[in-house]
Every structure is written in structure tokens, then in C-alpha cells.
Amino acid sequence: MPELPEVETICRSLRPRLVGRSIVSVRVIRPFIANRSPEEFAREVAGRNIEDLSRHGKYLLLRLSRARGSAPADLIFHLMMAGRLIHRPPGAGPLPEVVARHTHLALILDDQSELAWADLRHFGRVHLVVGDARDEAPRGLRNLGPEPLAGDFTPAVLAARLLSRRAPVKQVLLDQRVVAGIGNIYADETLHRAGIHPGRRACSLTSDEVVALHAAIGQTLSEAIACRGTTVRSYVDGAGLPGGFQDRLRVYGRAGEACLRPGCKAVVERLRKGGRSSHFCPRCQREGTDVRNSCPDRL
DNA sequence: CTCCTTCCCTGGGAGC
DNA sequence: TGCTCCCAGGGAAGGA
């Protein structure tokens, strides 16, 4: 499912195909637009040029030019778990039937190509923000935490955001206000690489553990981007190509299999809580004792 | 403010 | 073959 590396890969694959093109027409097939009626949306988007694409956490933004006296606008996608953004050149073959059936929006471009947004689970929403109407942007985007691959994301920044929270570190990593872009797969993978049990209270981490986690986040996300993302179920990039990082996962989806750390033969376990599962190695990621897992009285 | 629960939705796989 | 059951899970909302 699209987390930071997957959305980054989609963004990079779409950028050369979309930037500079103009949107000739808009087909709203299902009204999954958060803040416009289908008619208003089509009217406000058609005729604009696509000036840039950018990723913010798991959000993908299309920067659109001004049109007919209206201010520039941002088209904001959140693909959730099963969303796809697929660019199809003119004459491209048909989409897989199940994808075609769940296509919600299509933008027709001036070279007769098409950008299709499909979401097999109907969880995703699109927002249109015209001008600087920031309150129209999704709440999650407005409250987004620091980008984990940016230069100013230091171990100290991570520490400040973890040490004020008593919840399990896995749950805190998934909080997009703490760090942007990490989802279930990369939370499990970074905690394994850092040797931290997912159930440890965030505020109980030592400074060495925070440094190890910070390094693991940077390394795991960078490597996943280099592999063009993780395809475990349905993820494909903007050209329809699957990723390659699924072959390098060390714990996610590997419950019952041997830990891959050299010399460790322990069996990967799966912990379920509130409908969400965590995968970890009980030997590389020891559960804290009561003392180790304790936090200061005042945070 | 944090933390916890519930809900949203459909495809795909397991089991019978 | 066809049915039921269960699982995947990010974010919004609401209550403690």
C-alpha cells in the first residue's frame, strides 16, 4: 500500500509525463471529491495546466496553473491502502477489469493521454484547494509532521517527538503528526532494523535507541525508494509497474519464517492489536522489562 | 492534549 | 463451483 516510498515513486514516474500538460477535460465517475460537487470540480479543474507534482508524507499534490481569472490550485490525492494513479498514453491497452470498475476520476490531457485515479477499497478522497484556502486542505496534510528524509530531520527532532508520548512506539511512528509518510510496513521494518520491540513505550527509548531508529528510518525509506517501492498486494507506480522492495522485507508479512539477520534463527512473530498487526523478531527486538519500558512521571 | 475504539470499503484467499 | 468468513489498514470522529 502506498506509504512514503511508494508515493514518492508514483510522483517521480508521473512527473515527466504530466508536467507541462494541460487538462482538456475531467470525468468524475464517482463523487469521491471531499470538498466540491462533481460539477464544480470538473469546471474548476478543466483548462488548467499541470505545473508540478510533489509529495508530502503520503499525499500527492498536483500544482495547477491559474485559469479564467481564478487563482492557482492544488489537486490533493491520498491513495490510502488501495488507491492508484495511472497515466495512460493514447492507445494504451485497457486497464485490468477490476481497476477499470473502480476508477473514480479521469483527467484527459492535451496529448490525449489520461490520468486515472482508481481505488479498489473506496477509502481515498481527493481535495481541491484553490488559491491559499488552506482550510480546504485535508486535516492530515495540515498537521503533517517532518519529512523523514529531509536534512533537518535529525535524531534530536525525532527524540523530541517520541519522548513526549507514552503510547507504544509502533503506534507513535504511525502518527503522521510525528513523522510524515510511515505506514505499517515501514514502521515494522524500521523497528526491526533498529532492534526495538514495537510495544515499547515511545518515551522509554534510550538516546542510543532513538539514534538507531533515526538511522533505520533513513536507510529503510531510501532503500525502498531505490527499489521503487513495495508491492505486497496491489501497488503499482504511475506507469503501472510494481516495486521491488518486497524481496527485501525482513519482518513484514513473514510471521512464522526465520529472522533474516545473520546469525539469528528466531521465528518472526505477529502481534495483533486493534485490527492492526505488527511483525517483529522476538530475539532482535526484545520486549522491555517493566523498568526499561517505563517513562518519566511528567513528560 | 493523549489515548483508545469504531467505522469506512472491497478483493482475495481459505475452508467447506 | 459457489458459498461464507476473515483479513488487509489510514484516517476521521467521538468518548474517556
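By convention in this document, chain letters (A, B, ...) are assigned in the order of the sequence lines, proteins followed by strands, and residues within each chain are numbered from 1.
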Legend entry - Canonical and wobble pairing (Watson-Crick, G-U, under 3.5 Å) of DNA chain B, dot-bracket with |: .|||||||||||||||

Describe the nucleic acid contact of [X] in one word from base, sugar-phosphate, nothing, applying a heavy-atom distance below 4.0 Å.
X	value
A:Arg177	sugar-phosphate
A:Arg125	nothing
A:Ser164	nothing

Legend entry - Neighbour count above 12 (heavy atom, 6.0 Å) for A:Arg134 CZ: no

Legend entry - Neighbour count above 12 (heavy atom, 6.0 Å) for A:Arg27 CZ: no

Can a donor-acceptor pair be found, under 3.5 Å and without considering hydrogens, that links the side chain of [X] to the backbone of [Y]?
X	Y	value
A:Arg166	A:Ala202	no
A:Arg15	A:Cys11	no
A:Glu189	A:Tyr252	yes

With respect to the phosphate group of [N], does any side-chain polar atom (N or O) of [X] fall under 4.0 Å of OP1 or OP2?
X	N	value
A:His78	C:dG10	no
A:His102	B:dG11	yes
A:Arg233	B:dG12	no
A:Gln171	B:dT2	no
A:Gln176	C:dG10	no
A:Ser234	B:dG11	no

[X] has a side chain; which of [options] sits nearest to it?
X	options	result
A:Tyr59	C:dA12, C:dA8, C:dG10	C:dA12
A:Arg276	B:dT2, C:dG9, B:dC9	C:dG9
A:Arg272	C:dC7, C:dG10, B:dT2	C:dC7

Legend entry - Pair A:Arg63 + A:Glu51, salt bridge at N-O below 4.0 Å: no

Legend entry - Under-3.5 Å donor-acceptor pair between A:Arg121 side chain and B:dG11 base: no

Legend entry - Of A:Pro138 and A:His279, the one whose closest DNA chain C nucleotide lies more 5': A:His279

Legend entry - pi-stack flag for A:Phe123 and C:dG11, centroid dist under 5.5 Å, interplanar under 30°: no

Inset, instruction - Would you mind reading off the distance between A:Leu60 atom CG and C:dG10 atom P, rounded to a whole angstrom? - result: 18 Å

Inset, instruction - Report the distance from atom CE of A:Met81 to atom C1' of C:dG11, rounded to the nearest whole Å. - result: 9 Å

Inset, instruction - May I ask you to check whether A:His127 and A:His78 place their ring centres under 6.0 Å from each other? - result: no

